[in-house]
Amino acid sequence: MIISIMAGGPESLWPDLARYKVMTDLWIGVDRGVWALLENGIDPKCAFGDFDSVSQDEYKVIAQRLQQVNLYSSEKDETDLEIAFHWAIDQKPSEIHILGATGGRMDHFLGNIQLLQKESILPIHADIDIYIVDRQNIFTVKTAGSYEVTALKDKKYVSFLPVTTAVTGITLTGFKYPLSDRSLEIGSTLCISNELISESGNVSFKEGILMMVRSRD
């Protein structure tokens, strides 16, 4: 099962929703993202939020259209997106795609990226592929291991950023700039803006956590 979550980020940064309409089995809306889905002909399975970013009339429509609306106080210890994210994980999908989670307030964007890096979430990456997606980028996190990286026509750049203090034994094959058993430390730009030279390549590393970013100009 593939779950897509729509948060309330600016429409100008959304990826092409047509692709996600085809691939998604279950949609979740978060706050203003619920209204965005309804406006684009998508009825989410459920909604999460304090809904302070929709009007009263919009909220009435949301409450009428959806069978499951989870309303929370604006004063809480987790963001609306984090609550929705944990609910999605509990459904045990094969993939989670988070849309509308970039742009706008930078604190929200950084918090959303760090959701993928939480200590409690890291073991889950072995079973669920989790992505934050916008018009120009795809963010995901990898724990130590070996991974195939498939070429994407619309996002030719592949960057790797260390999440932990150090990532050791990183090897890149099938890339324009290959590596063999190197180490990356926080702040290193060694693996920024690489490119695949064939339909697929491989990244492997022995210790640490990497963030992989697929991008286009």
- Step-by-step side chain to side chain contact (heavy atoms under 4.5 Å, CB included) determination, Ile62 to Val69: CA-CA 8 Å; Ile62 289 170; Val69 177; 4.2 Å; yes

- Task: Answer whether the closest heavy-atom distance between the side chains of Tyr157 and Arg214 falls below 4.5 Å.
- Result: no

- Task: Would you check if the side chain of Asn70 reaches a backbone N or O of Ala47 as a donor-acceptor pair within less than 3.5 Å?
- Result: yes

- Task: Flag yes if more than 12 heavy atoms outside Glu185 fall under 6.0 Å of its CD atom; otherwise flag no.
- Result: no

- Note on the structure: Taken to the nearest 0.5 Å, the spacing of Ile96 CD1 from Ile130 CD1 works out to 5.0 Å

- Any chance you could measure Leu161, atom CG, to Ser188, atom OG, to the nearest 0.5 Å? 8.5 Å

- What are the two closest heavy atoms between Leu196 and Gly201, and how far apart are they? CD2-N, 3.5 Å

- Consider only side-chain heavy atoms of I, L, V, M, F, W and Y, link residues closer than 4.5 Å, and tell whether Ile98 and Trp14 are in one cluster. no

- Query: For residues 177-217, which residue pairs qualify under ring-ring contact (aromatic ring centres under 6.0 Å, His included), counting only residues two or more places apart or in two chains?
  - Reply: none

- Message: Strictly distance-based, threshold 3.5 Å: is any side-chain N or O of Ser200 a donor or acceptor partner for the main-chain N or O of Val149?
- Response: no

- Item | Side chain Thr164, main chain Ile209, donor-acceptor under 3.5 Å | yes

- Stepwise side chain to side chain contact (heavy atoms under 4.5 Å, CB included) check, Ile124 with Ile89: CA-CA 8 Å; Ile124 294 169; Ile89 289 171; 3.7 Å; yes

- Electrostatic pair Lys156:Asp217 at N-O distance under 4.0 angstrom: no

- Say whether Met6 and Ile113 are linked into one hydrophobic cluster, either directly or through other cluster members, by side-chain heavy-atom distances under 4.5 angstrom. no

- Message: Using a 3.5 Å distance criterion without hydrogens, assess whether the side chain of Ser204 forms a donor-acceptor pair with backbone atoms of Gly145.
- Response: no

- Query: For Met23, does the CE atom sit with more than 12 other heavy atoms under 6.0 Å from it, leaving out its own atoms?
  - Reply: yes

- Taking the side chain as every heavy atom from C-beta outward, state whether Leu184 and Cys191 have any pair of such atoms under 4.5 Å apart. yes

- Find out whether Phe85 and Asn112 are in side-chain contact, i.e. whether some heavy atom of one side chain is under 4.5 Å from a heavy atom of the other. no

- Task: Give, for atom CD of Glu95 and atom CD1 of Ile2, the distance between the pair rounded to the nearest 0.5 Å.
- Result: 4.0 Å

- Hey, mind stepping through Leu115 and Ile132 against side chain to side chain contact (heavy atoms under 4.5 Å, CB included) and telling me if it holds? CA-CA 10 Å; Leu115 276 179; Ile132 292 178; 5.9 Å; no

- Query: Does a donor on one side chain and an acceptor on the other come within less than 3.5 Å for Thr171 and Asp181?
  - Reply: no

- Are Val133 and Ile42 co-members of a hydrophobic cluster defined by side-chain heavy atoms under 4.5 Å apart? yes

- Transitively linked via ILVMFWY side-chain contacts under 4.5 Å: Ile121 with Phe109? yes

- Task: Show your reasoning for whether side-chain hydrogen bond (donor to acceptor under 3.5 Å, both in side chains) applies to Ser146 and Asn202.
- Result: CA-CA 7 Å; Ser146 179; Asn202 185 271; 3.2 Å; yes

- Message: If you compare all heavy atoms of Ser198 against all heavy atoms of Ala151, which two are closest, and at what distance to 0.1 Å?
- Response: O-CB, 3.9 Å

- Task: Working to the nearest 0.5 Å, report the span between CD of Glu199 and CG of Leu152.
- Result: 10.0 Å

- Query: Checking Asp31 side chain against Phe51 main chain: does a donor-acceptor pair fall under 3.5 Å?
  - Reply: yes

- Message: I'd like to know if the side chain of Glu58 reaches the main chain of Ser55, judged simply by a donor and an acceptor atom lying under 3.5 Å from each other, with no hydrogens or angles considered.
- Response: yes

- Item | Side chain proximity check, Pro178 to Thr173, heavy atoms < 4.5 angstrom | no

- Check whether any side-chain N or O of Asn194 sits under 3.5 Å from a backbone N or O of Val158 as a donor-acceptor pair, and report yes or no. no

- State whether the number of non-hydrogen atoms from other residues, nucleotides or ligands found under 6.0 Å of Lys45 atom NZ is greater than 12. no

- Message: Can you classify the ring geometry of Phe160 versus Phe175 as parallel (below 30°), tilted (30 to 60°) or perpendicular (above 60°)?
- Response: perpendicular

- Does the pair Arg135 and Asp16 meet the rule for a salt bridge (charged side-chain N to carboxylate O under 4.0 Å, His left out), with working shown? CA-CA 7 Å; Arg135 189 175 296 275; Asp16 181 7; over 6 Å; no

- Message: Does atom NZ (Lys60) have a neighbourhood of more than 12 heavy atoms from anything else shown, all under 6.0 Å?
- Response: no

- Message: Assess the residue pair Leu38 and Leu66 against the criterion (side chain to side chain contact (heavy atoms under 4.5 Å, CB included)); give the C-alpha distance rounded to whole Å, side-chain angles, the decisive distance to 0.1 Å, and a yes or no.
- Response: CA-CA 10 Å; Leu38 294 177; Leu66 273 66; 4.1 Å; yes

- Do Val34 and Leu37 have side-chain heavy atoms sitting under 4.5 Å apart? no

- Task: Determine, using the 4.5 Å side-chain heavy-atom cutoff (strictly less than), whether Val203 and Tyr131 are members of one ILVMFWY cluster.
- Result: no

- Thr102 OG1 to Leu13 CG distance, which is reported to the nearest 0.5 Å: 4.5 Å

- Taking the side chain as C-beta and beyond, is there a heavy-atom pair between Ile28 and Ser4 under 4.5 Å? no

- Exercise: identify the closest heavy-atom pair between Ile186 and Pro162: CD1-O, 3.2 Å

- Note on the structure: Note: Gln136 and Asp134 closest approach over all heavy atoms is N-OD1, 2.9 Å

- Message: With rounding to the nearest 0.5 angstrom, report the CG to OG distance, Asp25 to Ser94.
- Response: 7.5 Å

- Message: I'd like to know if the side chain of His108 reaches the main chain of Gly103, judged simply by a donor and an acceptor atom lying under 3.5 Å from each other, with no hydrogens or angles considered.
- Response: no

- Query: Would you say the side chain of Trp35 lies within less than 4.5 Å of the side chain of Arg32, judging by non-hydrogen atoms?
  - Reply: yes

- Message: Donor-acceptor check, side chain of Thr79 to backbone of Glu82, threshold 3.5 angstrom: yes or no?
- Response: yes

- Task: Classify the ring geometry between Tyr20 and His97 as parallel (under 30°), tilted (30 to 60°) or perpendicular (over 60°).
- Result: perpendicular

- Task: Please tell me if the side chains of Lys142 and His125 come closer than 4.5 Å, counting only heavy atoms from C-beta onward.
- Result: no

- Which pair of heavy atoms, one from Met1 and one from Gln91, lies closest together, and at what distance? CE-O, 3.5 Å

- Quick one: does Asp50's side chain have a donor or acceptor within less than 3.5 Å of a partner on Asp52's backbone? yes

- Message: With a 6.0 Å cut-off (strictly less than), is the heavy-atom count around CD of Glu39, excluding the residue itself, greater than 12?
- Response: yes

- Message: If you compare all heavy atoms of Ala84 against all heavy atoms of Ile5, which two are closest, and at what distance to 0.1 Å?
- Response: O-CD1, 4.2 Å

- Task: Flag yes if more than 12 heavy atoms outside Glu207 fall under 6.0 Å of its CD atom; otherwise flag no.
- Result: no

